[in-house]
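Atoms within each ligand, like the ligands themselves, are counted from 1 in listed order. Heads up: numbering here begins at 1 and tracks the sequence.
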Amino acid sequence: MSTQAPTRPDTIAIPAAMLPSDGRFGSGPSKFRPSAAQALADRAVDFLGTSHRKPVVRRVVARLKAGIADLLGAPDGYEVVMGNGGATAFWDAASFGLIEQRSHHLSLGEFSSKFVAVTASAPHLEDPSVRVGDFGTCPPLEAVDGADAYCYPHNETSTGVMLEVGRPDGDDGALVLVDATSAAGGLRFDASRCDAYYFAPQKALSSDGGLWIALMSPAAVERIERLSASGRWTPAFLDLKLALDNSRKDQTYNTPALATVFLTAQQVDWINGNGGLDWAAGRSDRSADILYGWAEASDIASPFVTDTAIRSRVVGTIDFDDRVSADDISAALRANGIVDTDGYRKLGRNQLRIGMFPAVEPSDVEALTSCIDHIIERLIT
Ligand SMILES: *Cc1c(COP(=O)(O)O)cnc(C)c1O
């Protein structure tokens, strides 16, 4: 019997004709369009390195705010608010400025559980109410006595589960806070069904990190103003009243990353100029149909999320059976310039995770599936 040495994943060469035009499939930071970076380079001397308190930068901030309101279909009276520190900072800020006493959370993966950790440790809040769902599923959103803020992600990036944005029945004037970091601009929703739709722009919006942006309802603004007037101590950096006041003047409380602001405005304009949210979500839909269709037809791969109603259209999680290691596939892809397809570590599954945000070409997802097939054929002998 001849014993053949196993093929080392990083020695597998994928034919050039089979490769995607762009090899970035990460779930965040995600692929941004080279033309957006080029547009930034074109502003290297009159925008970058200039004061964020002066009209040149404030005009870009104003353009970004208007573009976000347009993209997300902001109802009358809703406002776009911005601050520094990404979605993680927004959780801390919300614990001071949006949650009055007690929050209720849906916890279904890494990111939704991190917000729970924030409110559970905040000394000025009551212990949160938490409904935990197994990885790959989503618990129902139900009204909870005494909850004044309902918190859940639009898309749980770690597991590839998407939720419908809505309010629980009988919520009694509570706010609905939706983490849209891996959803904003890629998934359809009705903004009137939540009060703060917040996100960092380096995932679904294919920009860079460091910023948080929130579309806020009049009820959210009223809550911010009331809690601010109540005398609750709040660190200035996390003070949503300061963020609101500065955003209304097209500024941030402290210095933002100007490149992030510019790249986000660039991406929002690109989507709006092509038809808006429906167009962008349509691109992710095509990518998702390709990826899941391929996995379902495969005898070795399968979609991790079994309920198709909550299977994410922007972050695809694909399980492999034990004939092949997903880590080996990911290593072989990386050796060929296709990066960041690894599953989320803490899930502990034999899995790849694929970012299918609007900036990704659906034809590149098609090419990716061919590349994975090519690798699998060589890994299982
Ligand atoms: C990545 C991510 C975050 C954290 O974003 P940061 O900008 O790193 O703070 C929060 N929520 C979701 C759903 C994410 O995917």
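Between the side chains of Arg33 and Ser35, at least one donor N or O lies within less than 3.5 Å of an accepting N or O. In this structure, a donor-acceptor pair under 3.5 Å is present between the side chains of Ser330 and Asp342. Side-chain N/O atoms of Asp208 and Gln202 include no donor and acceptor closer than 3.5 Å.
Residues that satisfy the ring-ring contact (aromatic ring centres under 6.0 Å, His included) test with Phe189, not counting sequence neighbours, are His154, Tyr197. Applying the side-chain contact (heavy atoms from CB on, under 4.5 Å) test to Glu164 and every residue at least two apart in sequence or in another chain returns Arg193. Scored by the side-chain contact (heavy atoms from CB on, under 4.5 Å) test, Ala326 finds Phe320, Asn350, Leu352 as partners (sequence neighbours excluded).
Ligand 1 lies under 4.0 Å from heavy atoms of Gly86, Ala87, Thr88, Trp91, Phe111, Asn155, Thr157, Asp179, Thr181, Ala200, Gln202, Lys203.
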